[in-house]
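Not measured: the values here are computed from a predicted model.
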Amino acid sequence: MVQGKLSSDLLRGHTDTMILKLLLSGDKYGYQITKLIFANSGETYELKEATMYSSLKRLEKEKKISSYWGDANQGGRRKYYKITSIGEQAYKQNKENWELAKLILEQLL
């Protein structure tokens, strides 16, 4: 960590899981996802847009999320993302894997 900021390398493999977790609480658009990750991390981690959109594209291709265009009356058309049942299962499995990895790391470090 440099000046209270987490290295993106530490979190890179968990981007999909972070996005899926946010979508569990409801549909969201891209910019909203980046802002929520920043806020929910206590402003210590900022997900780059390119990384986020690559992850969204991959998640959609894997049918873990779906997307749709929102109403243009809300200040411009936004693409919203919605978690699917496959995505909910993937989140649950990823979370279980994370808990196991965390336990092992706590024992080793």
I'd like a table of donor-acceptor pairs (distance under 3.5 Å, sequence neighbours excluded) in which one partner is a side-chain atom from residues 102-109, with atom names and distances.
residue, atom, partner, partner atom, Å
Lys102, NZ, Glu99, OE1, 3.4

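Within the structure, the ring-ring contact (aromatic ring centres under 6.0 Å, His included) test picks out no pair touching residues 47-67 (sequence neighbours left out). Among pairs with a residue in residues 14-27, those fulfilling salt bridge (Lys or Arg N to Asp or Glu O under 4.0 Å) read Asp16-Arg58, at least two apart in sequence or across chains.
The side-chain heavy atoms of Thr17 and Trp98, taken from C-beta on, include no pair separated by under 4.5 Å. Between Leu56 and Ile33, the closest side-chain pair of non-hydrogen atoms falls below 4.5 Å.
Shown here for Ser66 and Thr84, the closest heavy-atom pair between the two residues is N-CG2, 4.0 Å. Pairing each heavy atom of Leu47 with each of Met52, the nearest pair is CD2-CB, 3.6 Å. For Lys63 against Ile86, the heavy-atom pair with the smallest separation is O-CB, 3.6 Å.
Judged as a side-chain hydrogen bond (donor to acceptor under 3.5 Å, both in side chains), and not counting sequence neighbours, the contacts of Glu60 are Ser67. When the side-chain contact (heavy atoms from CB on, under 4.5 Å) test is applied to Asn40, the partners found at least two apart in sequence or on another chain are Leu22, Leu36. For Gln89, there are no side-chain hydrogen bond (donor to acceptor under 3.5 Å, both in side chains) partners at least two apart in sequence or on another chain. With sequence neighbours left out, Ser25 forms a side-chain hydrogen bond (donor to acceptor under 3.5 Å, both in side chains) with Lys28. With sequence neighbours left out, the ring pair (Phe, Tyr, Trp, His ring centres under 6.0 Å) criterion links Tyr29 to Tyr80. With sequence neighbours excluded, no residue forms a side-chain hydrogen bond (donor to acceptor under 3.5 Å, both in side chains) with Thr15. Applying the salt bridge (Lys or Arg N to Asp or Glu O under 4.0 Å) test to Glu62 and every residue at least two apart in sequence or in another chain returns Lys64.
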Next item on the list: Mind running side-chain contact (heavy atoms from CB on, under 4.5 Å) on Leu20 and Ile65 for me, showing each step along the way?
Entry: CA-CA 8 Å; Leu20 291 172; Ile65 64 171; 3.8 Å; yes
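The backbone N or O of Glu49 sits nowhere less than 3.5 Å from a side-chain atom of Thr34 that would complete a donor-acceptor pair. The backbone N or O of Ile37 lies less than 3.5 Å from a partner atom in the side chain of Ser41, making a donor-acceptor pair.
Here the CD atom belonging to Glu43 is positioned 4.5 Å from the CZ atom belonging to Phe38, to the nearest 0.5 angstrom.
Using a 4.5 Å cut-off between side-chain heavy atoms of Ile, Leu, Val, Met, Phe, Trp and Tyr, with links allowed through other members, Tyr68 and Tyr31 fall into the same hydrophobic cluster.
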